[in-house]
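The model shown is predicted, which means the values in this text are computed figures rather than measured ones. Labels below follow one simple rule: chain letters A, B, ... track the order of the sequence lines, proteins then strands, and each chain is numbered from 1.
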Number of protein chains: 2
Amino acid sequence: MDPVTIKDIARALNLSTSTVSRALRDSYEISPETKRLVMEYAEKINYRPNPIALSLKGNSSKALGVIVPQIANNFFSQAINGIEAIAYNRGYHVIIFQTHESYERELANMQQAVARRVDGLLLSLSSETSDLSHIKALHAQGMPLVLFDRVADELNVSQVVADNFTGAYAATAHLLSTGRRRIAHLTIPPYLSITQERLAGYRAALDAYGVPFDENLVRYGTFGPDEADQLVDELLAQSPRPDAFFTASDRLALGCLKALRERGIAIPEDISLIGFTNLQAAEMLNPPLSTVTQPAQEIGQLAAERLIELIERKHKAAPVSTVKLPTVLTVRGSSQRDPAGS
Amino acid sequence: MDPVTIKDIARALNLSTSTVSRALRDSYEISPETKRLVMEYAEKINYRPNPIALSLKGNSSKALGVIVPQIANNFFSQAINGIEAIAYNRGYHVIIFQTHESYERELANMQQAVARRVDGLLLSLSSETSDLSHIKALHAQGMPLVLFDRVADELNVSQVVADNFTGAYAATAHLLSTGRRRIAHLTIPPYLSITQERLAGYRAALDAYGVPFDENLVRYGTFGPDEADQLVDELLAQSPRPDAFFTASDRLALGCLKALRERGIAIPEDISLIGFTNLQAAEMLNPPLSTVTQPAQEIGQLAAERLIELIERKHKAAPVSTVKLPTVLTVRGSSQRDPAGS
DNA sequence: TTGTATGCGTTATCAA
DNA sequence: TTGATAACGCATACAA
């Protein structure tokens, strides 16, 4: 693992560094014999080109920046898993940044990533971010950029997301189809694209079933801990009381489940619950949690693939693409309330 | 955010690059006036030193390599969270690698990290790794190195771990104190330090209670999916049948819980269960899962702090330290079988 | 106090 | 077919 350089090879073989360099790159202008010599010796002493030098020379660092709100999160850790897998196969490295849901941190992280000369950036917006000028600026400068999960349509940047609308629609429609009519929606901060899409899916399903939308049934949480109790109480205080909950994050699903249980409310008999979550072991919960899940790893993979594609054809005009991956609705336990439900 | 270099500043201010370089580093040999000029202009055009050039120069890359088996894992994603937080505060970046439990990948990742000129490496061994010579070699070369979670005592390298022995002891002792005598141990691959420590804690607790160790009650799994069923069946086939399970990973705990449930075995009445896991929502499971948890984030933080300390006093002899953090035993549900249990 | 030259590892340009 | 040289951005030994 010693830092053996092209110079060492040149010296040992009594060649110039340029010859060695060309031989290693299998250049046509080098004699087969010399090539063989160089290749063999390089192999023997386990030569590895110095990526730092390559970065400095060329304009590619072979590094991908990944900026996410939180690593310690089922969705994002799975997505990063997908990203890392693709990146590794394509010879890229992954530099991780967390925004902790802070706009300031997002900005700082982007600057750091740029300073690091990453070849491209995978970005999932913080929930505080409403001003998108930093991203526009970076994109305008030609930095390859792919947004995933938490995106922004106004950005005209490639995106990879789950089909949040359809997922939310399916969840809500399922609740409606089992006779629920007062469906509360416990969701995450309103700026986020995923919040809006899920809300839209929820509303569309209500519409389709002719159930009027009641904004009092929608509550926005943050990603902080222990907030579910209060939100659930607010919702339970509505009249008539909700007969179903549709929650938008792991934490809210768990918090809601717990709050309902603690208040002696039977799930799904009294109140039915579906969570938009990537929680593990949803089926092992008490009661089992019905879920809409996102293909997190696949989202990460596709985003990374897209980004690398963007990077490697940087010269050509970069087409903007949006990929929407299907979510999966898994119903657990019987939530049938009114078999005759319209 | 344009790649503005020291040259641009020099040209604009009609100075040499070395003067600018020194002024920016606040060197004593530059006049206050010149410094002010340079600083202000640099600020104005938003100059950021190119870390790639700095790395090549040989000083430091301000990058930390993190090599873990799997990112999409509660323990590791929390640990990385801690690592990233500390690194960010200290001006370091985090480059992530996954070994996917493969020795080959571990080796390749280490070489990549070295090639990338990381200033130091945080490492958690793959379950396949038994030959440690690659790590010894790297350490011998002076690469700052901190192992966490999955370590190796023979390595004489700084380590940050949870107190696996005591955690396993506590879990087993709890089971024993509630009258259990046939405690099965469903664990992870045997090479791992954490496996051995947990096994030792398990055995020590048995000893303390005068219960003979029965190797038939110990089963080693991998980190693959869906293996718990078979292992549980093997254990249930023992005679007499186990009256408790102590499992060593998130997946095994969940798999075991599920397998027992499916076989109609009441927990904890028939068989008591404690998992060494960082699962979320253990209390919301059916039945609630008793756990021993590791302070994952803190382990990450301490490991990162230790590594940065090592890096920044590289010249002095690097002392080797081992930090052991306490685990937390949380008993959920009543597992009392025999109140008079010896 | 400031400038010039050199080198980190590599590739590209130009010469031989 | 091969070699010498410059350049990427920066820091530093040495000159001035």
A.B. asks: Between A/K7 (NZ) and D/dA4 (P), how many Å, whole number?
C.D. replies: 13 Å
A.B. asks: Could you check whether the side chain of B/R22 and the base of C/dG3 have a donor-acceptor pair of N or O atoms closer than 3.5 Å, going by distance alone?
C.D. replies: yes
A.B. asks: Where the side chain of A/E29 is defined as all heavy atoms beyond and including C-beta, which of D/dC10, D/dT1, C/dT11 is the nearest nucleotide?
C.D. replies: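 Comparing D/dC10, D/dT1, C/dT11 against the side chain of A/E29, the answer is D/dT1.
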A.B. asks: Can you tell me the distance, in whole Å, between the CG atom of B/N50 and the C1' atom of D/dC8?
C.D. replies: 9 Å
A.B. asks: Got a donor-acceptor pair under 3.5 Å from the side chain of B/S18 to the base of C/dT4?
C.D. replies: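 Present.
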A.B. asks: Just compare C/dT2, C/dC8, D/dG3 and give me whichever is closest to any side-chain atom of A/L15.
C.D. replies: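 Of all the options, the side chain of A/L15 is nearest to D/dG3.
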A.B. asks: Compare side-chain N and O positions of B/S21 against OP1 and OP2 of D/dC10 and report whether any pair is under 4.0 Å apart.
C.D. replies: no
A.B. asks: NA contact type, A/S55, heavy-atom cut-off 4.0 Å: base, sugar-phosphate, or nothing?
C.D. replies: nothing
A.B. asks: What's the closest nucleotide to the side chain of A/I6 if the choices are C/dG3, C/dT10, D/dT2?
C.D. replies: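 Nearest listed nucleotide: C/dT10.
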A.B. asks: Measure the distance from NZ on A/K62 to C1' on C/dG9 and round it to the nearest whole Å.
C.D. replies: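 Checked: the NZ to C1' distance equals 17 Å.
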A.B. asks: Taking B/E106 as the fixed residue, which of B/H134, B/Q111, B/H100 is the one that meets the side-chain hydrogen bond (donor to acceptor under 3.5 Å, both in side chains) rule?
C.D. replies: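 By the side-chain hydrogen bond (donor to acceptor under 3.5 Å, both in side chains) criterion, B/E106 pairs with just one of B/H134, B/Q111, B/H100: B/H134.
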A.B. asks: Just one of B/L121, B/L147, B/L122, B/V118 clears the side-chain contact (heavy atoms from CB on, under 4.5 Å) bar with B/I67, so which one?
C.D. replies: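 Of the listed options, the one satisfying the test is B/L121.
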